[in-house]
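First comes the structure, then the notes that go with it.
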Amino acid sequence: MEQNLSEQEITRRNKLEEIRKAGIDPYPAEEFLVNANAVDIKENYERDKLNYKDISLAGRVMGVRDMGKAAFAELQDSTGRIQIYVRRDDICPGEDKSLFDLLWKKLLDLGDFVGVKGYVFTTKVGEISIHVTSLKLLSKSLKPLPVVKTDEDGNAHDEVSDPEFRYRQRYVDLIINPKVKKTFEQRTKIINSIREFLNGHGALEVDTPVLQSIPGGATARPFITHHNALDMPLYLRIANELYLKRLIVGGFDWVYEFSRNFRNEGMDRTHNPEFTILEFYVAYRDYFWMMETTEKLLEKIAMDLHGTTDVTLGDKTISFAAPFKRISIFGAIKEHTGVDVSKMNEEELRATCKKLHIEVDNSMGKGKLVDALFGEKCESHYVQPTFIIDYPVEMSPLTKKHRTEAGLVERFELMINGKEVANAYSELNDPIDQRERFEEQVKLQERGDDEAMFIDQDFLRALEYGMPPTAGIGIGVDRLCMMLTNQVSIQDVLFFPQMRPETKAVSEEA
RNA sequence: GAUUCCGUAGCUCAGCCGGUAGAGCAUUACACUUUUAAUGUAAGGGUCCUGGGUUCGAAUCCCAGCGGGAUCACCA
């Protein structure tokens with residue numbers, strides 16, 4: 001493969017050869033033991049100076065201020081940056097000054113990994129720095145890193161802002177944009193916090209199939225693949241719900257899974273083809289208990305992450321302090337349209353939608369019409385965490401019928417910042433009712449709804465053995481991360497968001 | 001999938017009333033043993049996304065394609 005190398009890349013490759021000629025291995029195999037890091041030194045040196053007389057750390061050279069026979073440089077390790085002070089006669093105590101004059105001054109580039117040993121001191125301007133007594137090249141960088149400089153006030157200059165560059169070369173984004181790195185560290189903190197909460201309540205983390213022969217548990221278009229040995233189609237899961245319920249049938253009281261789901265639909269600021277849902281199912285509980293548990297969980301995550309329940313999101317402040325507001329979906333529609341649709345039949349609903357200028361078609365049943373009304377007129381108003389409860393049975397084929405309200409089911413969705421973040425039910429455990437609901441879905445399919453659910457016979461068989469009353473929930477982990485880390489795009493909470501391929505598939509050369 | 005904006009040096013961007021490219025940082029060379037967006041002097045670096053068209057002449061105007069962002073549709 002021919003590569004078109006830039007001037008700077010050629011220069012670095014030439015330096016690589018010179019390094020080898022000088023008898024230095026640019027990619028040494030042996031370990032370099034580290035006993036300190038940038039943040040630890042900056043935070044603790046002042047009060048514990050004796051402990052920082054013989055330190056060893058490693059990282060990338062991210063900036064050099066050369067002064068002739070001495071130099072200051074920025075060393076960036078996994079925790080942050082620290083200034084190092086390299087003086088020729090300290091790293092080259094003998095006659096041979098080549099380590100400084102040749103390697104340091106001529107052959108080292110921004111982005112190279114070095115290991116340094118030395119002692120910590122404070123410069124006369126007051127910056128805690130490392131006075132280097134020995135220096136070792138650990139890995140040569142052959143591509144120039146975009147240089148981002150930060151001034152006294154912390155403003156970044158020439159920050160790489162091109163989203164395409166940042167998403168395709170996330171590794172570079174992470175090196176040069178500390179805020180990006182922080183967001184992903186926060187994402188992991190959020191997930192750890194959730195695990196801690198669930199494990200603390202005795203929940204069991206499980207794994208269920210990603211390859212499924214019937215894509216169930218949600219309404220969405222799946223990705224299709226093929227198993228060669230079995231010669232049959234398989235689908236990437238759109239949800240894991242039906243498998244977790246099978247485990248409740250099997251006798252577990254509380255199971256959970258961080259489920260990577262795949263849906264073959266559009267992409268935008270809040271949708272990526274693969275995304276993560278946390279689902280958990282708890283026996284002998286109902287959706288009221290689930291609302292309280294969700295409040296406790298979110299409150300804990302916010303506290304673990306920010307130390308407060310008030311979280312900044314754009315120009316808004318979201319309060320994750322329990323309890324959250326609750327309103328029925330019909331109540332929400334009445335509040336934002338002035339129309340009471342709770343007693344309407346399908347035709348009246350369709351007429352109401354048309355009156356409110358909402359696009360409808362004949363394939364839409366009662367459930368989809370109510371969903372459209374809520375989505376168009378209500379959803380965006382719920383900025384603070386709000387439970388929308390008691391949905392019509394037609395839009396919830398896996399949910400138990402409401403204990404008192406005919407035509408409704410025991411379901412809630414949690415809205416935050418105008419977006420659905422969680423969806424939960426008192427789970428339907430009546431196998432005969434479940435079969436009828438699936439059959440309703442088949443009718444919708446016949447009417448042209450290509451997202452209606454398939455019948456999963458094995459799931460029905462499991463229910464027939466008996467499933468205890470159960471509460472279940474799915475929480476959109478990516479969206480929750482967006483809300484808690486103040487990001488507007490799902491691409492900024494996924495390390496490697498989906499992109500079209502970069503290189504042309506077909507070469508036009510003859 | 002539709003509409004719209006964008007694609008110029010390693011990075012950030014200027015140039016866009018058509019006359020074959022500029023700045024800052026980065027790079028190269030020299031100077032400098034406490035600097036910190038280090039500094040000073042000098043130099044090099046571009047298939048102006050790709051392919052067509054208009055024109056004496058295109059980074060600039062037109063068309064198509066590729067890639068990205070935003071909005072909409074589908075959806076979480």
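All chains are named by letter (A, B, ...) in the order of the sequence lines, taking the proteins before the strands, and each is independently numbered beginning at 1.
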Nucleotide-resolved protein contact map, nucleotides 6-12 of chain B, B/S/- at heavy-atom distance under 4.0 Å: ----BSS

Distance, C1' atom - from B/U71 to B/A26, rounded to whole angstrom: 37 Å

Sugar-phosphate, base or nothing in reach of A/Asp268, heavy atoms under 4.0 Å: base

Nearest-Å distance once atom C1' is located in both B/U47 and B/G52: 16 Å

With sequence neighbours excluded, residues passing salt bridge (charged side-chain N to carboxylate O under 4.0 Å, His left out) with A/Arg263: none

Test salt bridge (charged side-chain N to carboxylate O under 4.0 Å, His left out) applied to A/Arg166 - qualifying residues, sequence neighbours left out: A/Asp173, A/Asp492

Separation of B/A31 C1' from A/Lys106 NZ (nearest whole Å): 11 Å

Residue matched to B/G1 through Watson-Crick or wobble contacts both under 3.5 angstrom: B/C72

Sugar-phosphate, base or nothing in reach of A/Gly266, heavy atoms under 4.0 Å: base

No-hydrogen, no-angle side-chain donor-acceptor test under 3.5 Å, A/Ser6 and A/Glu9: yes

Most 5' of A/Gly68 and A/Glu274 on RNA chain B, judged by nearest nucleotide: A/Gly68

d(CG, A/Leu108; P, B/A26) in whole Å: 15 Å

A/Phe72 CZ - B/A37 C1' separation (whole Å): 16 Å

Who pairs with B/G24 - Watson-Crick or G-U, where each distance is under 3.5 Å: B/C11

Base-pairing mate for B/C17 - Watson-Crick or G-U, with both contacts under 3.5 Å: none

Electrostatic pair A/Glu427:A/Lys400 at N-O distance under 4.0 angstrom: no

Whether A/Tyr256 and A/Phe258 hold their rings parallel, tilted or perpendicular, with breakpoints at 30° and 60°: perpendicular

Inter-nucleotide C1' distance (B/A59, B/G46), Å rounded: 11 Å

Listed once per pair and sorted, the side-chain hydrogen bond (donor to acceptor under 3.5 Å, both in side chains) pairs that draw on residues 60-74 of chain A, sequence neighbours left out: A/Arg65-A/Glu74, A/Arg65-A/Gln83

Sugar-phosphate only, base, or nothing, as touched by A/Phe121 at under 4.0 Å among non-hydrogen atoms: base

Sugar-phosphate, base or nothing in reach of A/Asn272, heavy atoms under 4.0 Å: base

Distance test, side-chain N/O of A/Arg65 to OP1/OP2 of B/A38, below 4.0 Å: yes

Pairing residues for A/Thr294 by the side-chain hydrogen bond (donor to acceptor under 3.5 Å, both in side chains) criterion, not counting sequence neighbours: none

P gap between B/U55 and B/C62, integer Å: 16 Å

Atom P, compared across B/U20 and B/U41: separation rounded to whole Å: 29 Å

B/A29 to B/A37 separation - C1' atoms, rounded to the nearest Å: 23 Å

Spacing of the P atoms in B/G65 and B/A2 (rounded, Å): 10 Å

RNA chain B: 5'-proximal contact among A/Glu420 and A/Lys105 (nearest heavy atom): A/Lys105

Candidates B/C74, B/A37, B/U35 - which lies nearest the side chain of A/Glu152: B/A37

Sequence-distant partners of A/Asn155, side chain to side chain contact (heavy atoms under 4.5 Å, CB included), two or more places apart: A/Asp151, A/Asp153, A/His157

For nucleotides 1-4 of chain B, print each protein N/O atom paired with a nucleotide N/O atom at under 3.5 Å, atom names and distance only.
none

Min side-chain heavy-atom separation A/Phe184-A/Lys181 under 4.5 Å: no

Sugar-phosphate, base or nothing in reach of A/Gln169, heavy atoms under 4.0 Å: nothing

Closest nucleotide among B/C74, B/U34, B/G68 to the A/Glu164 side chain: B/G68

Touch class at under 4.0 angstrom, heavy-atom based, for A/Asp66 against every strand present: base

Distance, C1' atom - from B/G45 to B/U50, rounded to whole angstrom: 23 Å

Shortest side-chain distance from A/Thr11, nucleotide among B/C74, B/U27, B/U34: B/U27

Rounded interatomic separation in angstrom, taking CE from A/Met67 and C1' from B/U36: 10 Å

With A/Asp90 via salt bridge (charged side-chain N to carboxylate O under 4.0 Å, His left out) - residues at least two apart: A/Arg87

Residue-level proximity of residues 126-141 of chain A to RNA chain B when a heavy atom falls under 4.0 Å: A/Glu127

Residues in ring-ring contact (aromatic ring centres under 6.0 Å, His included) contact with A/His381, at least two apart in sequence or another chain: A/His336

Rounded interatomic separation in angstrom, taking CZ from A/Arg87 and P from B/C32: 16 Å

A/Lys69 NZ - B/U35 P separation (whole Å): 17 Å

Any strand: nucleotide that pairs with B/U54 via Watson-Crick or wobble, under 3.5 Å: none

Gap between atoms NE2 and P, on A/His157 and B/C13 respectively (whole Å): 14 Å

Sugar-phosphate only, base, or nothing, as touched by A/Arg168 at under 4.0 Å among non-hydrogen atoms: sugar-phosphate

Pairing residues for A/Lys443 by the salt bridge (charged side-chain N to carboxylate O under 4.0 Å, His left out) criterion, not counting sequence neighbours: A/Glu440

Non-neighbouring partners of A/Lys97 that pass side chain to side chain contact (heavy atoms under 4.5 Å, CB included), sequence neighbours left out: A/Arg88, A/Asp89, A/Cys92, A/Asp101

Complement of B/G67, any strand, by Watson-Crick or G-U distances under 3.5 angstrom: B/C6

Partner nucleotide of B/C30 by Watson-Crick or wobble geometry (both distances under 3.5 Å): B/G40

Mutual orientation of the aromatic rings belonging to A/His131 and A/Tyr119 [parallel < 30°, tilted 30-60°, perpendicular > 60°]: parallel

Sugar-phosphate only, base, or nothing, as touched by A/Thr150 at under 4.0 Å among non-hydrogen atoms: sugar-phosphate

Phosphate-side-chain proximity, A/Lys149 and B/A26, N/O vs OP1/OP2 below 4.0 Å: yes

Axial cation check for A/Phe496 ring with A/Arg170, 6.0 Å and 45° limits: no

Separation of atom CG in A/Leu107 from atom C1' in B/U28, rounded to whole Å: 13 Å

